[in-house]
Amino acid sequence: MFRAKYKAKQFDKRAISSRLGQITLYGTFGLLMFGPLAFGAVEPWSIFVVEAGSLVLLLIWFAKQWIDGELHLRWNPLYLPIAAFGLLATVQWIFRVTAYAHDTRSQILLYAAYAMLCFLSGHTMVKSSQARQIAVMFVVYGSVVAGLALLQGIAPNGKLYWLRQPRLGGWIYGPYVNHNHYAGLMELLVPIPLVLSLTHLVHQKARIGAGIAAAIMTGTVFLSGSRGGMLAILTELAVLGVLTFRQRRGIRLAIGTAAFCIVLLGILTWLGGKELTTRVSSIGRESRTEISGGTRLTIDRDAIRMFRMRPVLGWGLGTFPVVYPEFRSFYTNFFVNEAHNDYLQLLDEMGIVGFGLMLWFVILVYRGALSKIGRWSSDVNGAVALACMLGTTGILVHSLFDFNLQIPANAAIYYVMCAIAAAPPLAQRTMKRRPVLPTDSDVVERASEVV
């Protein structure tokens with residue numbers, strides 16, 4: 001009887017541990033999906049949800065480890081640059097190197113949430129079957145968000161979700177006030193269905209559905225009017241094209257690519273029309289709802305002057321909008337809250353030291369991803385690494401012209417994708433081989449050996 005109670009207790013512990021594992025897995029990626037729907041998680045309440053949610057999920061993960069009776073840790077090379085970056089920001093705050101300690105402290109908390117999400121993604125999604133489930137979730141999620149953006153483009157009323165009026169105006173597209181940030185979200189999500197549609201990892205109907213979803217999501221980037229987003233998507237497609245060409249995949253790839261292009265062109269022709277053509281060709285045209293290209297170049301020059309004043313440790317994490325008015329060389333009615341160039345803003349806020357840590361981080365991401373994508377069309381690890389690498393590549397290109405990495409929702413997804421790309425391979429289910437029965441000749445041969 002004692003043994004039966006012991007077994008029941010062990011079963012209860014395993015059931016609780018399994019349930020906590022599911023909560024942390026789906027809670028982590030569900031929190032990533034929450035950010036874009038909450039207008040990019042740029043408001044205090046949504047930032048609090050991301051930060052508090054990350055902490056709660058981490059505590060649940062620790063509770064699971066305590067129930068299991070041992071601590072399971074998976075190493076990721078990105079932990080080193082992440083820790084170094086956090087240490088640098090903490091030094092800025094503690095020793096008052098920062099121009100405004102309050103903003104630096106707030107950003108430290110936000111980046112701590114990013115770090116926790118990266119840690120949780122690497123310790124909850126450890127099996128290839130889990131990666132498939134998460135991929136399907138993001139394909140459906142991206143399709144729903146893109147569908148919402150299409151409906152909003154067809155019948156706009158200048159409000160988010162047709163209900164909420166933005167306080168400072170903007171170029172609304174989807175759940176974002178700024179159409180460039182919607183494009184940034186799609187840059188991260190499009191590679192997931194696109195890569196899935198070109199692999200052997202799902203059934204044909206699922207591949208067709210993923211290809212259609214990728215075409216719709218890609219089409220909304222062009223329909224959003226984000227020129228940086230268009231360039232980023234084209235860069236992702238070019239990188240994917242080079243990789244598939246190197247693998248010399250044949251007629252199936254050609255058919256899949258042709259179908260994707262036909263659906264994409266159909267969407268753009270049906271919904272884009274003359275407005276899309278005008279937007280692509282009018283690179284120098286001013287817009288009433290966003291800072292023009294010429295003004296962005298002026299901001300870049302001002303940002304370089306900021307960097308020269310404090311080149312080593314920078315002005316402090318999150319202090320660009322506080323310090324920039326001192327260096328602004330033009331008049332504008334807009335509040336310049338970001339540099340519209342993530343690289344220059346990083347140089348201004350974190351100096352050469354922080355910029356070097358970013359380069360270290362990116363190098364590790366690509367080194368980890370490239371080591372796994374050799375057989376991406378038939379291997380889950382390769383497909384996951386390729387999708388994450390393409391998504392992060394798009395954001396890195398777009399960051400030359402915009403500030404997607406200053407938007408918490410996009411930044412959280414970006415950093416988690418980086419962590420997944422650089423992480424060790426996922427565990428895959430091994431196929432059990434059927435035992436090979438000996439033939440008559442084998443039996444005769446063994447008998448002769450015994451004799």
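Nothing here was measured: the structure is a model prediction, and the numbers come from that model.
Taking a 6.0 Å sphere around CZ of Phe48, one finds it holds 12 or fewer heavy atoms contributed by other residues, nucleotides or ligands. Within a 6.0 Å sphere centred on CD of Gln165, heavy atoms belonging to other residues, nucleotides or ligands number more than 12. Within 6.0 Å of the CH2 atom in Trp66, the count of heavy atoms belonging to other residues, nucleotides or ligands does not exceed 12. Within a 6.0 Å radius of NE2 in His203, other residues, nucleotides and ligands contribute 12 heavy atoms or fewer.
Aromatic ring pairs are classed by plane angle as parallel below 30°, tilted from 30° to 60° and perpendicular above 60°; the pair Phe34 and Trp45 is perpendicular. Using cut-offs of 30° and 60° on the angle between ring planes, the pair Phe138 and Phe29 is perpendicular. Note: Tyr324 and Phe320 have parallel aromatic rings, judged against thresholds of 30 and 60 degrees for the angle between ring planes.
A donor-acceptor pair is defined here as one N or O able to donate and one able to accept, closer than 3.5 Å; no such pair exists between the side chain of His72 and the backbone of Gln65. With hydrogens and angles disregarded, a donor-acceptor distance shorter than 3.5 Å links the side chain of Gln92 to the backbone of Leu313. Between the side chain of Gln152 and the backbone N or O of Leu148 there is no donor-acceptor pair closer than 3.5 Å. No side-chain donor-acceptor contact under 3.5 Å links Gln406 to the backbone of His340. The main-chain N or O of Ala423 is found under 3.5 Å from a side-chain atom of Lys372 such that the two form a donor-acceptor pair. For Ser224 (side chain) and Val221 (main-chain N/O), a donor-acceptor pair under 3.5 Å exists by modelled atom type. Remark: side-chain polar atoms of Trp162 are paired, donor with acceptor, to backbone N or O of Ala155 under 3.5 angstrom. The main-chain N or O of Leu400 is found under 3.5 Å from a side-chain atom of Asn341 such that the two form a donor-acceptor pair. Checked by atom type and distance alone, the side chain of Ser18 never pairs as donor or acceptor with a backbone atom of Arg14 at under 3.5 Å. Side-chain atoms of Arg296 come within 3.5 Å of backbone atoms of Phe401 as a donor-acceptor pair (strictly under, hydrogens ignored).
A donor and an acceptor atom, one from each side chain of Tyr26 and Thr124, are nowhere located under 3.5 Å apart. Remark: the Tyr182 side chain and the Thr220 side chain contain an N/O donor-acceptor pair separated by less than 3.5 Å. A donor-acceptor contact under 3.5 angstrom links the side chains of Asn178 and Asn180, judged on distance only. For the residue pair Asp103 / Thr319, no side-chain donor-acceptor distance below 3.5 Å is found, with atom types taken as modelled.
Atoms CH2 and CZ, from Trp360 and Phe85 in turn, are 13.0 Å apart once rounded to the nearest 0.5 Å. Atom CG of Leu117 sits about 10.0 Å away from atom CD1 of Ile413, to the nearest 0.5 Å. Here Asp379 contributes atom CG and Leu201 contributes atom CG; the two are 7.5 Å apart, rounded to the nearest 0.5 Å. The distance from atom CG of Leu231 to atom OG of Ser226, rounded to the nearest 0.5 Å, is 9.5 Å. With rounding to the nearest 0.5 Å, the separation of CD1 in Ile395 from CG in Asn404 is 4.0 Å. In this structure, CG in Leu31 is found 10.5 Å from CD in Glu51, a value given to the nearest 0.5 Å.
At a threshold of 4.5 Å between non-hydrogen side-chain atoms, the residues Tyr343 and Leu396 count as touching. Side-chain contact between Met116 and Leu57 is absent, with no heavy-atom pair separated by less than 4.5 Å. A heavy-atom distance below 4.5 Å is not found between the side chains of Glu349 and Gln107. In this structure, the side chains of Pro36 and Tyr176 come closer than 4.5 Å at one or more pairs of heavy atoms. Looking at heavy atoms from C-beta onward, Leu78 lies in side-chain contact with Cys418 at the 4.5 angstrom threshold. Glu187 is listed as a side-chain neighbour of Ile233, based on a closest heavy-atom distance under 4.5 Å. For the pair Leu364 and Pro77, the minimum side-chain heavy-atom distance is below 4.5 Å. Looking at Asp68 and Lys64, their side chains come closer than 4.5 Å, going by heavy atoms from C-beta outward.
Each of Trp171, Tyr173, Phe222 was checked for a ring pair (Phe, Tyr, Trp, His ring centres under 6.0 Å) with His179, and the lone residue meeting it is Trp171.
In summary, the aromatic rings of His181 and Phe403 are positioned with their centroids under 6.0 Å apart.
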